[in-house]
Amino acid sequence: MLKAVVTSFVICTMLLMLSPVAKAADVFEVNRKLGRGVNIIGYDPIWRSQDRARFQEKHFRLIKEAGFDSVRINLHAFRHMDANNDYQLSPAWFETLDWAVKNALANKLAVILDLHEFNAMGDDPVGRKPLFLAFWKQVSVHFRNAPDSVVFEILNEPCRGVTAELWDQYYHEALAIIRKDNPTRAVILGPPNWNSVDKLNEFKLPEDDRNIIVTVHYYKPMSFTHQGASWTPTYRKKTGVKWPTSEKDKQAVVAEFKKVHDWAQEQKRPIFLGEFGAYDRADMESRVQYTSFVARTAEKFGFSWAYWQFDSDFIVYDIPNDRWVEPIRDALIPR
Ligand code: BGC
């Protein structure tokens, strides 16, 4: 009798071990793997044609060798959807994305698939909602067998027309779609108002979904980080702003990140600082000071982070001259 019980216990244990129901990766562990990251290819002509790509296969290796752990792929996907065919994403778009994900993973970089259509959604949330949901229907199925180190980010910086109320409704709908095929994948969600740290207290998460990483973006003070930036009318005219101007500037960052950290502790959620940086029009010494102080403070509070961005503007890599912007790289990843 005892022998029969022991035998069936052993068989059951073996069956459980062989069971195809994979154990969910711990979301805090996934967030640790995001570690130090960088935003890539959002504004690269690669999406129009691979022949015109600025970003090349070798850049994944260079990013890894520089010491980064992850890439946040910024996806402006709406223009690649077919309005006459259920908003199907084009095969060419998927081909480019598959190429990027494959190469990132091959270089042991975790990947965030970030739907970066915040402007289109902010302009016309109701009109664009079918595209938003169709995007997640397709991407969720397409990546359902991807490893845990592929993470979905539902929408970058919900803003303007995507009010706090709409955001709550829209993200729940997208999350329900994602959970059909990806029941335990880590999903990144952030507060409204451009993922502002100030909106965390008004941001409600689904209590029963524990596989969520919360994101915030940090560009304060905008007068420094966005000086000379054409897309910010308030800050575009005044350049020459330095950072820090006094110890108070640093203490402001610490105080705000501490608030985020305390909120996260209470909510038992990991934090990902998905964007930060200072536009190229600021002086290099101030950019270095700011970039390294924000990155180190984020790390002190246990946040993973992604620098804005590899190429285009705020750059950490100079593609035309094929070299790192070393002061920024070293500010991010101390040698
Ligand atoms: C936007 C960029 C902008 C950056 C800083 C990003 O989320 O996609 O266009 O340069 O934020 O403002």
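For reference, positions follow the sequence shown, starting with 1. We count ligands from 1, going down the list as the structure has it; atoms in each ligand are counted the same way.
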Check your understanding: Looking at His261 versus Phe303, is the centre-to-centre ring distance below 6.0 Å?
Key ->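 Centroid separation for His261 and Phe303: 6.0 Å or greater.
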Exercise for review: Identify, with sequence neighbours excluded, every residue that meets salt bridge (charged side-chain N to carboxylate O under 4.0 Å, His left out) alongside Asp330.
Suggested key: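 So Asp330 forms a salt bridge (charged side-chain N to carboxylate O under 4.0 Å, His left out) with Arg335.
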Check your understanding: Listed by chain and number, what are the salt bridge (charged side-chain N to carboxylate O under 4.0 Å, His left out) partners of Arg36, not counting sequence neighbours?
Key ->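 Scan of Arg36 (salt bridge (charged side-chain N to carboxylate O under 4.0 Å, His left out), adjacent residues dropped) gives Glu299.
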Hey, can you pull the donor-acceptor pairs under 3.5 Å for the side chains in residues 88-96, sequence neighbours left out?
{"residue": "Ser90", "atom": "OG", "partner": "Trp93", "partner atom": "N", "Å": "3.1"}
{"residue": "Thr96", "atom": "OG1", "partner": "Gln50", "partner atom": "NE2", "Å": "3.4"}
{"residue": "Thr96", "atom": "OG1", "partner": "Ala92", "partner atom": "O", "Å": "3.2"}

Exercise for review: Could you please provide the protein residues found below 4.0 Å of ligand 1 on a heavy-atom basis, arranged by chain and number?
Suggested key: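 Protein residues near ligand 1 are Tyr43, His116, Phe118, Asn156, Glu157, Tyr219, His226, Trp231, Glu275, Trp308, Asp313, Phe314.
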Point to revise | Residues Asn182 and Ser140: side-chain donor-acceptor under 3.5 angstrom | key: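 Short answer, yes.
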Exercise for review: State, without any angle test, whether Glu285 and Gln289 hold a side-chain donor-acceptor pair at a distance under 3.5 Å.
Suggested key: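 Yes, a side-chain donor-acceptor pair sits under 3.5 Å.
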